[in-house]
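Right, one structure below, let's go through it.
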Amino acid sequence: MRDRYVILAALVLFFVLVTAPVWYARAAGEKAGGPDVKLPTQEKACVMPVDYMRTSHMDLLISWRERVVRENIRTWTAPDGTVYTVSLSGTCLKCHTNKAEFCDRCHDYAGVTPYCWDCHVDPAAIARSRP
Amino acid sequence: MFMFEKAIVGSRRYWTWVCGLLVVIAVAFLAYLRQLQVGLAITGMSRDVTWGLYIAQFTFFVGVAASAVMVVLPYYLHDFKAFGRITILGEFLAIASVTMCALFILVDMGQPMRVLNVMLHPTLHSMMFWDMMSLGGYLLLNAVIALVTLGAERKRVAPPAWIRPVIIVSIPWAVSIHTVTAFLYNGLPGRSFWLTAILAPRFLASAFAAGPALLILLCLVIRKVTWFDAGREPIQKLAVIVTYAMLLNVFFVGLELFTALYSQIPEHVEHFQYLFLGLHGQATLAPWMWTSSVLGVVSLGLLLVPSMRRREPVLAVTCVMVFVSLWIDKGLGLIVGGFVPSPFGAVVRYVPTVPEVLIVLGIWAAGFLLVTLFYKITLSVRAEVAAS
Amino acid sequence: MSISRRGFLGAAGLSALALASKSTLDALGFEAAPQEPTSAAAGTRWAMVVDPRKCLDQGDCTKCIEACDYAHNVPHITNPAHEVKWIWKEPFEDAFPFLEVDYAPEAFREQPVMVLCNHCDNAPCVRVCPTQATWKRDDGIVMMDWHRCIGCRYCMAACPYGSRSFNWGDPRPAMASLNPDYPTRTKGVVEKCTFCEERLAVGQRPACVDACPARALVFGNLDDPEGEVRSLLRARFAVRRKAELGTGPAVYYLV
């Protein structure tokens with residue numbers, strides 16, 4: 001057990017390194033807060049209640065995706081009876097016009113990088129990039 | 001874990017070798033990160049030659065993996081005692097080879113993070129699904145067999161009775177992995193080079209020559225660098241297996257050539273023409289294919305003469321020739337040759353790029369590393385048993 | 001025989017899809033709303049008839065290619081090894097290698113014809129795909145799911161027509177103008193012509209068909225005996241590419 005101190009020192013170092021972000025945030029006086037997301041101003045309701053959208057929009061989007069691509073069903077009826085065209089760029093982004101301040105801001109906060117935008121086009125971005 | 005502690009003690013030479021392999025793996029990993037970022041555009045593949053060195057190497061090493069059956073079968077089914085000391089070396093070689101196969105498939109994927117879609121959406125009519133199943137199963141079988149038998153050897157007891165049926169299952173399973181791999185290619189309409197019922201037998205024959213040839217070479221290296229001597233008899237028996245398998249392989253290639261060249265159907269002839277003579281002025285692979293053919297015929301000649309085969313230095317050179325010949329034939333020509341000419345008759349040049357070759361070398365190094373670690377553990381256990 | 005098999009496969013596929021969709025919806029706690037399938041009406045088998053002569057009369061016209069490329073954000077990659085193509089021109093003798101026409105004038109053999117995915121009845125690409133990222137719809141379209149494709153390129157090895165393209169790199173930098181109504185692709189997936197299923201869904205004809213000034217491309221329902229496709233095939237002799245492979249291509253070329 002001659003290397004007891006080496007082991008202990010390494011354990012302490014490991015603990016410090018692993019918890020470093022917590023200490024750093026403490027020292028910098030940062031407080032955990034939600035992401036600063038810009039909601040659409042002209043629309044009041046999304047296709048589903050906000051709580052559901054906040055936690056489960058990805059499930060909805062994946063079910064939309066499967067229906068359009070694999071079953072050729074291009075409309076979706078919300079629980080309140082409204083019929084929507086199933087389209088990420090066309091329907092979602094019609095209201096959420098600012099992808100950067102809505103989608104990206106929250107995804108950045110949550111530390112997720114969904115690959116939707118590798119293929120799907122943000123129409124507003126094209127309009128902006130056009131001379 | 002699993003006697004792994006034996007692999008982390010060793011001589012300076014052992015560590016130099018292991019670190020050297022790790023360096024090659026690290027370089028390959030960097031090249032792979034680049035491929036992840038840029039895409040498969042950094043390889044030499046194209047819209048016409050859509051599979052290249054990666055898939056060809058995969059195919060070759062499925063064969064090496066399957067060839068473990070050439071030591072397992074005589075030992076367990078025919079009670080051929082001489083293979084007792086090397087059977088486990090064959091099984092560990094199979095484990096390393098299947099791991100290499102998995103890596104070759106992974107680096108060939110355009111979207112590697114989605115590769116589990118194959119399991120999420122099992123597709124029974126796709127041969128690739130069956131290939132994944134058979135290779136995964138084979139890896140599991142060999143891992144269980146090798147660990148259980150080595151564990152028993154360490155405790156100086158007979159292996160548990162339940163392992164015997166597992167070993168028996170692994171024998172046809174070995175044949176299945178290479179048959180299904182041949183089926184990947186041989187049910188495709190319009191790829192006439194692969195559309196031949198003899199593809200699976202040919203795969204097996206070349207595997208049962210290349211795999212045991214590699215095992216002979218490994219045994220000779222082990223004798224040189226460690227205390228362990230596999231003995232003369234198992235090596236000579238392996239040499240006989242290589243001889244028969246090589247004979248069958250050359251015979252099968254002859255059958256292919258006859259069918260194509262005598263029927264003179266252009267779409268069958270053109271692939272061989274491209275490989276051996278060149279087509280439309282493109283003959284990238286011709287020097288390779290001729291090297292493979294000459295090495296194949298010369299090595300077969302040496303194997304067929306017992307006095308040559310019995311001289312170990314000659315046998316070693318012969319085994320290198322067998323291995324290189326079959327590596328070129330299967331690990332290069334067979335896949336690329338199937339794509340040229342293209343469905344539009346285009347003769348497209350395929351030359352692997354530097355990053356592509358680095359990644360391939362890295363996977364080879366990973367295979368060598370696994371074999372080194374496994375053999376180190378095995379030999380340490382045996383040294384321990386012998387000393388006590 | 002081939003029609004009854006197709007019917008059977010279609011029915012099996014539909015029931016599988018129905019099951020799959022039901023479980024997804026159940027998981028989400030949704031009531032399945034009645035949905036009208038937009039194009040896959042019973043007895044629909046989409047097919048195309050190409051009239052190479054009319055096409056040739058237009059000289060160097062590439063209107064169909066341009067319309068398709070814009071509609072689907074097909075990148076224009078300069079390196080021929082990495083090209084992505086949905087509809088393009090190939091010399092006649094390369095598109096029809098089994099039709100040996102030794103004594104035809106050289107000029108004729110080298111004339112370009114339009115080639116695209118044949119949307120085969122018995123598609124080898126569908127058979128080999130390990131993830132069902134490409135599959136046969138019951139209206140005959142060989143469809144692709146770019147979300148699911150793992151980029152193994154087995155379908156490219158299986159396709160006897162060279163109709164499939166792989167994204168060797170990120171396609172976006174190679175796009176001059178982006179159509180906001182259609183996604184691009186990401187690197188590492190395979191793509192090909194989808195018979196403009198997104199346009200069929202809203203009652204439009206494929207973009208290439210609409211763009212052709214000579215009406216050299218005719219699109220319609222092969223199962224409708226009175227339809228334009230069937231009338232054309234009744235009136236004139238037509239060939240299909242490598243039909244002897246048993247793939248059942250749905251693109252016909254008038255002779």
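Within every chain, numbering begins at 1; the chains are lettered A, B, ... in the order of the sequence lines, protein sequences first and strands thereafter. Atoms considered below: every heavy atom in the structure, side chains included; atoms not considered: hydrogens, waters and symmetry mates.
- The two residues A/N72 and C/E197 come nearest to each other via the heavy atoms OD1-OE1, 4.2 Å.
- No other option in A/S89, A/C116, A/C119, A/G90 has as many heavy-atom pairs under 4.5 Å with chain C as A/C119.
- Contact check for A/R70 versus C/H147: no side-chain heavy atoms found under the 4.5 Å cut-off.
- For a heavy-atom cut-off of 4.5 Å, chain A lies close to C/Y182, C/P183, C/T184, C/R185, C/T186 in residues 182-189 of chain C.
- Scanning all heavy atoms of the two residues, the minimum distance from A/R74 to C/E198 falls at NH1-CA, 4.1 Å.
- How far CG of C/L178 is from CG of A/D122: 10.5 Å, rounded to the nearest 0.5 Å.
- Screening residues 12-23 of chain A for salt bridge (Lys or Arg N to Asp or Glu O under 4.0 Å) gives no qualifying pairs among residues at least two apart or on separate chains.
- In summary, C/R137 and A/E71 do not engage in a salt bridge, as defined by a charged side-chain N under 4.0 Å from a carboxylate O.
- If you take CH2 on C/W146 and NE2 on A/H120, they are separated by 9.5 Å, rounding to the nearest 0.5 Å.
- Closest non-hydrogen pair, C/D145 versus A/E66, comes out as OD2-OE2, 4.4 Å.
- Contacts of A/W117 with chain C are made by backbone atoms alone, with heavy-atom separations under 4.5 Å and no side-chain atom involved.
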